[in-house]
Amino acid sequence: MNIDFSLRKQIALALNESFGADITADSLSLQPTRKEFTGTYTFVTFPFLKISKMKPEETGEIIGDYLKSNSEIVEDYNVVKGFLNLHVSDMAWIKAFSSIVSNDKNGFRPSNGRRIMVEYSSPNTNKPLHLGHLRNNFLGYSVSKIYEALGYDIIKAQIINDRGIHICKSMVAWEKYGNGETPETSGMKGDKLVGKYYVAFEKQYRQEVNALVDSGLKMVEAEKKAPIMLEAVEMLRKWEAKEAETYALWETMNNWVYKGFEITYNHMGVTFDKLYYESDTYLRGKKVVQTGLDKGVFYKKEDGSVWIDLSADGLDEKLLLRSDGTAVYITQDIGTAIERFTEYPDLEKLVYTVGNEQDYHFKVLFLILKKLEYSWADGCHHLSYGMVDLPTGKMKSREGTVVDADDLMDEMEQTALQHTQDLGKIEGFDEAQAANLYRMVGLGALKYFLLKVDPRKGMLFNPEESIQFQGNTGPFIQYTFARISALLRRAKETGIGLFMSDETFQGRLHEHEREVIYLLTQFESRINEAAGEYSPAVIAQYIFELAKEYNKFYQEVSIFGEQDEAKKRFRISFSYAVARTIKSGMGLLGIEVPERM
RNA sequence: GGUCCUGUAGCUCAACUGGAUAGAGCAACAGCCUUCUAAGCUGUAGGUUCCAGGUUCGAAUCCUGGCUGGAUCACCA
């Protein structure tokens, strides 16, 4: 039974019968009653005064009376001005609870056969993953899980920027200074090794640029003329010409990076269903340019370059094809979007998880697709997220202020280890179990920290103090789960059975029990909301509320000390439902929960 | 300069999409472990929701104009 919906239906009936209105349940909304008033749900009557032609108080009374005498759900009500506060009966709560606890898939919908592609990560192959990638990956992965919960079939995709000047820089530096170093000979992770040469390139490049500037060249000139840069550009030219030696080196170094990335992704707990490589796609999209010209959407300048004028839409003119006939980034993106919808004709949405620095780019991209009259253009969505900054400002690879993903995850686990040992909580754990716990807790803290904030907002990461283990944190929620797990183990040992859906017991529900059941009934709609906003933060917030409310119950109400057997069984089942919801909710964030901690 | 995003307690964030006296966590202070895991719970203190107008029964939320911080506007990716 869905309390929320039943109530809205009955309120609609009340409005229609009492005031001759013509209102559907879907058009009504209920909100939780504020703490300082009694009740669970509040119906705001202000908007309906025109229909009732009465004062707010009278309108509330009439609806309240109607509900009290016609609804099994409403036990009582009170009216404060235009607010009708409804008190739900314990019986209704227990009924709602029973239907939740008996459904192990509560909150999740069965497959709907519809398909969505979520793209995330999109790394460059010239350096290791960093904190920004963590936010990106956790967001993309979580949004995938959230849509999966709604029944969608998800393709998790990664586009790997494996070609271009950046990787050529690493290649040049490796050739010059590498002495044949490999991940095997150096013992370094492949991505770290390639990153090392990227840094080496930049260092040498800066020196050369400075020297040229000192000798009188302008900065812009110097940046183009530095000898090592000329080598990188030449390397790129050779690569595009598929010159064998260069191509082989490129493949070798990229493969080192992929092996490194694989380790990092495994550690992060993210996976992909589909890999796209820029080296396969970078020439795509040129064909579309002709289509656009034919349709009159694009136009050609005298020098042969192709543009689109978006000034009527408040944007600028955008280049699509250089005068030498080569494609630019957006052309490539148009091409790959078309390709993906061709490959998966039933694709309903294509979600790009990319930082907000590319807001403009995606706005232009989607607008162009629309102007080209692709019916699926409206299904494209930019999941834009704010940058993660450090107390010292922006992360800059050149200045070495980048927080490395591997290092950060390791540090988090170290901190988890420290906390656990300080608290003396791992009696009876063997080494592997302990290590697994540190991993869960450390990563849980990190993921929760990055996901609990509205994606759109930029965030500050202070390595010293940002990640806590108390309060609104991953470990707090994991701890709540572990506590409940302990209860359930004990219940099993002592042979306490589960509460049956047709059971009742003497006495009233505890207020925290009502509050928690209320939250349990909200799970599905919160998943919906999270999906609609592409915001795992909605889920994070929800689980936190649930865990917090349950902890209040746990603190105040005894379970095994309860004399009434039916009530004891209820509380065990109740705790089970909370644990299950925590587990599946955290699963939507990509966070695991331990049975003991 | 144009466009977009952002601004809420000392700090990090909420506020169910326009609803009641704006809520949590951290930090501070005061309490609660012979009883189910104290990574917990309770309480105190902390606010001109950046500013000024407007819209209406009602605004942190919507509109206008400023201000702060950020992003972006390349024949870069």
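Letters go in sequence order (proteins before strands), and every chain restarts at 1. Heavy-atom basis, side chains included; hydrogens, waters and symmetry copies ignored.
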Exercise. Are OP1 or OP2 of A77(B) and a side-chain N or O of Tyr329(A) less than 4.0 angstrom apart?
Worked result: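 Checking Tyr329(A) against A77(B): no side-chain N or O falls below 4.0 Å of OP1 or OP2.
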
For this session: Between Asn124(A) and Phe544(A), just flag the one whose closest nucleotide in RNA chain B comes earlier from the 5' side.
Result: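 Checking each residue's closest nucleotide, the 5'-ward one belongs to Phe544(A).
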
Problem set entry | First of Asn78(A) and Thr480(A) reached from the 5' end of RNA chain B, by closest nucleotide |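 Closer to the 5' end of RNA chain B: Asn78(A).
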
Problem set entry | Any side-chain heavy-atom pair of Glu278(A) and Thr281(A) under 4.5 Å |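 Yes - at least one pair of side-chain heavy atoms lies under 4.5 Å apart.
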
Rounded to whole angstrom units, what separation is found between the [atom1] atom of [X] and the [atom2] atom of [N]?
X         : N      : atom1 : atom2 : answer
Asn472(A) : A15(B) : CG    : P     : 12 Å
His361(A) : C5(B)  : NE2   : P     : 18 Å
Met459(A) : U12(B) : CE    : P     : 11 Å
Asp422(A) : U37(B) : CG    : C1'   : 16 Å

For this session: Remember a base hit wins even if backbone is also touched, and classify Val354(A) as base, sugar-phosphate or nothing at under 4.0 Å, heavy atoms.
Result: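 The residue Val354(A) makes no contact with any strand.
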
Exercise. For the base of A20(B), is there a side-chain donor-acceptor partner from Thr42(A) under 3.5 Å away?
Worked result: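 Looking at the base of A20(B), it does pair with a donor or acceptor on the side chain of Thr42(A) (distance under 3.5 Å).
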
Exercise. Does Lys552(A) get its side chain close enough to the base of U42(B), under 3.5 Å, for a donor-acceptor pair?
Worked result: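 No, no donor-acceptor pair under 3.5 Å.
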
Exercise. With a centroid cutoff of 5.5 Å and a plane-angle limit of 30°, would you call Phe46(A) stacked on G19(B)?
Worked result: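 Stacked: ring centres under 5.5 Å, planes under 30°.
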
Problem set entry | Pi stacking test for Phe83(A) and A20(B): under 5.5 Å apart, planes under 30° |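 Answer is yes, a stack.
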
Problem set entry | Proximity of Phe362(A) and Tyr352(A) rings by center, below 6.0 Å |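 Yes, the ring centres sit under 6.0 Å apart.
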
Exercise. With a 6.0 Å cut-off on ring centres, are Phe43(A) and Tyr77(A) close enough?
Worked result: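 No, the ring centres sit 6.0 Å or more apart.
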
Closest approach to the side chain of [X], judged atom by atom: which nucleotide of [options] is it?
X         : options                : answer
Phe560(A) : G19(B), C36(B), A14(B) : C36(B)
Glu357(A) : G19(B), A71(B), C36(B) : A71(B)
Lys35(A)  : A24(B), A39(B), A77(B) : A24(B)

For this session: Could you tell me whether Arg206(A) and Glu223(A) make a salt bridge, using a distance below 4.0 angstrom between a side-chain N and a carboxylate O?
Result: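 Yes, this pair counts.
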
